[in-house]
Amino acid sequence: MMQKRSFDAGFTLMETLVALTVLAVGSVTLLTGVERHAAGTRGLSDRIVARWVAENALAATALDIAIAPRWSQALDVDWAVSHDARALPGSGLHAVTVRVADAAEGADATLVTLTGYFALEKEMP
């Protein structure tokens, strides 16, 4: 014996296409958010490593030792380190500013700038 089919049973093609469209839009939005988060995390890790390099450069300046070229390399990245030393008149101090940038992006792409103040008897390099 044949049973009658109800026209209300199941989804229509139009309902299925709308549901797939909503899922596609949600997926693209989620993927965009994940990509932004990954880029932000990469940028944060670059700034952290650049700060380590800058702190090492300031420590070397405080200890009055030359900075070895290998100290400007960390996590397989070559870092461009620049120093700017200036005397602070009447204080007996020198202000040393260290700027660190990714060498591949050029010195203009500074990620970290640190300034240290040192009481030194001789002129800074």
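Position 1 is the first residue of the sequence; numbering continues from there. Remember, predicted model here, so these are calculated numbers, not experimental data.
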Donor-acceptor under 3.5 Å (Ser91 side chain, Leu93 main chain): yes
Please find the pair of heavy atoms, one from [X] and one from [Y], that lie closest to each other, and give the distance.
X      : Y      : value
Ala66  : Trp71  : O-CZ3, 3.6 Å
Ala101 : Ala109 : CB-O, 3.2 Å
Ala54  : Leu114 : CB-CD1, 3.6 Å
Val81  : Ser72  : CG2-OG, 3.6 Å

How long is the span from the [atom1] atom in [X] to the [atom2] atom in [Y], to the nearest 0.5 Å?
X      : Y      : atom1 : atom2 : answer
Leu17  : Thr12  : CG    : OG1   : 8.5 Å
Thr110 : Glu105 : OG1   : CD    : 10.5 Å
Arg42  : Arg47  : CZ    : CZ    : 12.0 Å
Arg51  : Thr113 : CZ    : OG1   : 10.5 Å

Is [X] linked to [Y] within one hydrophobic cluster, defined over Ile, Leu, Val, Met, Phe, Trp and Tyr using a side-chain heavy-atom separation of less than 4.5 Å?
X     : Y      : answer
Leu44 : Trp52  : yes
Leu63 : Ile67  : yes
Ile65 : Phe118 : no

side-chain contact (heavy atoms from CB on, under 4.5 Å) assessment of Leu88 paired with His94: CA-CA 6 Å; Leu88 300 174; His94 288 83; over 6 Å; no
Val96/Leu58 under side-chain contact (heavy atoms from CB on, under 4.5 Å): CA gap, chis, key distance, verdict: CA-CA 8 Å; Val96 178; Leu58 276 178; 4.1 Å; yes
Leu111 and its side-chain contact (heavy atoms from CB on, under 4.5 Å) partner, picked from Val53, Ile48, Asp46: Asp46
Note, Glu55 side chain near Val98 side chain (heavy atom, < 4.5 Å): no
